[in-house]
Amino acid sequence: NSFYWLQFQIWGSETLGYHLVNVLLHAANACLVLALLRKLAVPGALLAAAIFAVHPVHVESVAWISEQKNTLSAMFYLAAAWIYLDFDKRRDSATYWGAFALFVLGLLSKSVIASLPAALLLVFWWQRGTLSWRRDWVPLLPYFAVGAVAGLATAWLERTQVGAEGEYFDLSFVERFLLASRVPWFYAWKLVWPADLMFFYPRWTIDASAAWQWLFPLATFTTLGILILVAWRWRLRGPMKGVLYFLGTLFPVLGFLNVYPFLFSYVADHFQYLPSLGLIALAAAGLTLAAGRLPASMHSAARAAGVLLVAVLAWLSWQQSQMYSDVVTLYRTTLAKNPGAWLAHNNLGIELAEGLRIDEAIRHYQEAMR
C-alpha cells in the first residue's frame, strides 16, 4: 500500500506509470534470477532467466497493476536470497541483517514469500547433501519466525476480513488433499504448454468419490518416489530440489489454507510467479546439459533452438498481454474462454452499465445470477 501511495503521488490515476514500474520490477527480477543461478553454478542460468522473463504465465503478474505486490515482493525475496548466500560464506552480521531486512520488506509486500528460509535450506541440502543444525538451521530460525507470523496474520485476515470462509471453502481434509495434489500438475502443464491462459479459470468440483481424481496424488507420490531414488542412488539432488522448491513455494495456495480467490477458482496464473522458478531452472539446466552432450557441430543449432524457444514464449506473452488493454476486453476475453465465470459476467455488467449499455449489462447480470 505504501508503494502504491508513493506512485499515486507521481502518476495519479494515469495507468502508464504503474505499468512501467511493474515491467521494471519484473525485469529486475529476471536479472536477479540470472545472478542467483550463476552464483549457484546452475547450468543454463541465462536460458532460465530468459524463460522466466517472457513466459506467458507471468503476464498476469506484470500486466495486472493490482498484482504489483507480486513483482515487488519477489524482488525483495530474490535480493534477500542473494545476500543470504553471501552470508553463508562470510558469516558477518551486516550481511545477515541486510538479508533479514529485505525479507521483512518482502513480507510486508506479500506474505507468500514466507517460504524463503525453507528454500534456502533446500539450496544448502542440494549443495552439501546434508544440513547442519548450527550452520544451516539456527541462523534461519528468526526468518521462520517472522515468516510464520506474517503467514498466520494473512490467513486470519483472509478468513475474517476478506471473506475466505463459508460454504465455498468448506472442504474436508481429504478434499483439500485431493486439491493440493491436483494444483501443481495444473501449473506444471501451463509452464510446458501455456495455452488457454485465463483471468478466471473454471472452478473445479473436488469429489473424493471420483476415482480419476485420485490419479493426481498417485502421480505426485510416484514422481517424488522416483526423485528420492535418483537423489539417493545417483546423488543427483538437482531434480529433487527443483520439484520441492516448486511444491514448497506453492504451498500457501495448494488448498490447505483458505484464500479469497478460491471463491472463483482454485488456480490463478499469478500464484505461480515465484514457484515456477523451480521447474524453469530445472528444465533449463536439463536442456543445457543435454545440449552439451551433442557433437560440437550441433552446438550452434542447440543455441538457436534456445533462442527460438524464448522468442516463441515472448510472442505468446505479447498475445496474452492484449487482454489487459482495458477492463471490458479483459472480461470479454475471459468469458470467451470460460463462459461460466460469474464474476466476469458481473464485473462486465458493471462496466457496461456505467457506459449506459443497459440492455447488454442486464444480460450479463442475469447470466451471473444464473
Side-chain angles (χ1 to χ4, degrees), residues 1 4-5 7-8 11-19 21-22 56-71 110 154 157-171 179 183 186-187 190 194-206 253 255 258-273 316-370:
N1 286 339
Y4 281 127
W5 176 87
Q7 291 175 85
F8 184 76
W11 320 118
S13 299
E14 295 296 323
T15 61
L16 178 60
Y18 300 93
H19 284 302
V21 169
N22 220 18
V57 299
H58 297 153
V59 169
E60 185 170 289
S61 293
V62 181
W64 185 22
I65 293 173
S66 294
E67 273 308 309
Q68 196 175 95
K69 59 184 179 288
N70 226 19
T71 53
K110 193 173 184 179
T154 300
L157 287 171
E158 286 277 347
R159 294 181 71 97
T160 62
Q161 305 300 315
V162 181
E165 60 181 356
E167 62 175 313
Y168 285 97
F169 301 90
D170 189 19
L171 299 175
L179 176 61
V183 165
F186 172 88
Y187 289 128
K190 290 301 180 184
D196 294 323
L197 302 179
M198 306 178 200
F199 190 62
F200 294 128
Y201 288 98
R203 191 176 189 272
W204 304 330
T205 298
I206 307 300
V253 293
N258 288 348
V259 293
Y260 187 70
F262 284 0
L263 180 65
F264 324 120
S265 176
Y266 291 120
V267 289
D269 290 340
H270 67 274
F271 284 163
Q272 72 157 324
Y273 185 70
L316 290 174
S317 286
W318 173 255
Q319 294 294 108
Q320 180 70 10
S321 67
Q322 303 307 304
M323 66 185 284
Y324 293 91
S325 59
D326 61 79
V327 70
V328 172
T329 300
L330 175 64
Y331 291 127
R332 288 198 190 281
T333 305
T334 299
L335 289 171
K337 296 180 179 181
N338 180 15
W342 62 266
L343 185 60
H345 279 294
N346 181 78
N347 291 359
L348 180 56
I350 293 172
E351 293 297 320
L352 294 172
E354 290 179 351
L356 300 182
R357 300 168 67 174
I358 305 301
D359 290 341
E360 189 179 0
I362 289 173
R363 288 197 295 272
H364 283 287
Y365 285 142
Q366 290 174 332
E367 187 62 17
M369 292 171 66
R370 186 191 68 79

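- Of all heavy-atom pairs between Gln7 and Gly17, the closest is OE1-O, 4.4 Å.
- Judged by distance alone, with hydrogens and angles left aside, the side-chain atoms of Glu158 form no donor-acceptor pair with the main-chain N or O of Val259 at under 3.5 Å.
- The two residues Lys110 and Lys69 make their nearest non-hydrogen contact at CB-O, 3.9 Å.
- Identified under the salt bridge (charged side-chain N to carboxylate O under 4.0 Å, His left out) test for residues 339-355, with sequence neighbours left out: none.
- Here the closest heavy-atom approach between residue Gly349 and residue Ala361 is recorded as O-CB, 3.3 Å.
- For Ala164 against Tyr260, the heavy-atom pair with the smallest separation is CB-N, 3.8 Å.
- Counting heavy-atom neighbours within 6.0 Å of Tyr168 OH, excluding the residue itself, gives a total of 12 or less.
- Two rings, from Phe264 and Trp342, have their centers less than 6.0 Å apart.
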> For Glu360 and Leu352, what are the C-alpha separation, side-chain angles and deciding distance, and is it a side chain to side chain contact (heavy atoms under 4.5 Å, CB included)?
Replying inline: CA-CA 7 Å; Glu360 189 179 0; Leu352 294 172; 3.6 Å; yes

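- A distance of 5.0 Å separates CG in Leu330 from CZ in Phe199, rounded to the nearest 0.5 Å.
- Remark: Glu167 CD to Leu263 CG distance equals 9.5 Å, nearest 0.5 Å.
- Side-chain contact annotation: Asn347 with Tyr331, donor-acceptor N/O pair under 3.5 Å present.
- When atom types are taken as modelled, the side chain of Lys190 and the backbone of Leu197 share no donor-acceptor pair closer than 3.5 angstrom.
- A 4.5 Å side-chain heavy-atom check between Tyr273 and Val57 finds every atom pair outside the cut-off.
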> Would Leu348 and Leu335 satisfy side chain to side chain contact (heavy atoms under 4.5 Å, CB included), going step by step from the backbone distance to the final call?
Replying inline: CA-CA 10 Å; Leu348 180 56; Leu335 289 171; 3.9 Å; yes

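- No side-chain donor-acceptor contact under 3.5 Å links Glu60 and Gln320.
- Across Arg159 and Asn258, no two heavy atoms sit closer than the pair NH1-ND2, 2.9 Å.
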> Under the side chain to side chain contact (heavy atoms under 4.5 Å, CB included) criterion, do Tyr4 and Ile65 qualify, and how do the steps go?
Replying inline: CA-CA 10 Å; Tyr4 281 127; Ile65 293 173; 4.3 Å; yes

>> Evaluate Leu343 against Phe200 for side chain to side chain contact (heavy atoms under 4.5 Å, CB included), listing each step before the verdict.
In response: CA-CA 8 Å; Leu343 185 60; Phe200 294 128; 3.4 Å; yes

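- Using modelled atom types, no side-chain atom of Glu67 and backbone atom of Ala63 make a donor-acceptor pair closer than 3.5 Å.
- In this structure, the side chains of Asn22 and Trp64 stay at 4.5 Å or more apart for every pair of heavy atoms.
- No side-chain heavy atom of Asn346 sits less than 4.5 Å from a side-chain heavy atom of His364.
- His58 contributes atom NE2, which lies 12.0 Å from atom NE2 of His270 (distance to the nearest 0.5 angstrom).
- Nearest heavy-atom pair across Leu171 and Leu179 is CD1-CD2, 4.2 Å.
- Distance OG/Ser265 to CG/Asn338: 8.0 Å, rounded to 0.5 Å.
- Under the 3.5 Å distance criterion, with hydrogens and angles disregarded, a donor-acceptor pair is assigned to the side chains of Tyr201 and Asp269.
- A donor-acceptor pair under 3.5 Å is absent between the side-chain atoms of Asn70 and the main chain of Ser61, judged by distance alone.
- Ring geometry, Trp204 versus Tyr266: the interplanar angle falls from 30° to 60°, so the pair is classed tilted.
- At least one donor-acceptor pair closer than 3.5 Å links the side chain of Tyr187 to the backbone N or O of Ala268.
- A donor-acceptor contact shorter than 3.5 Å links the side chain of Thr333 to the backbone of Thr329.
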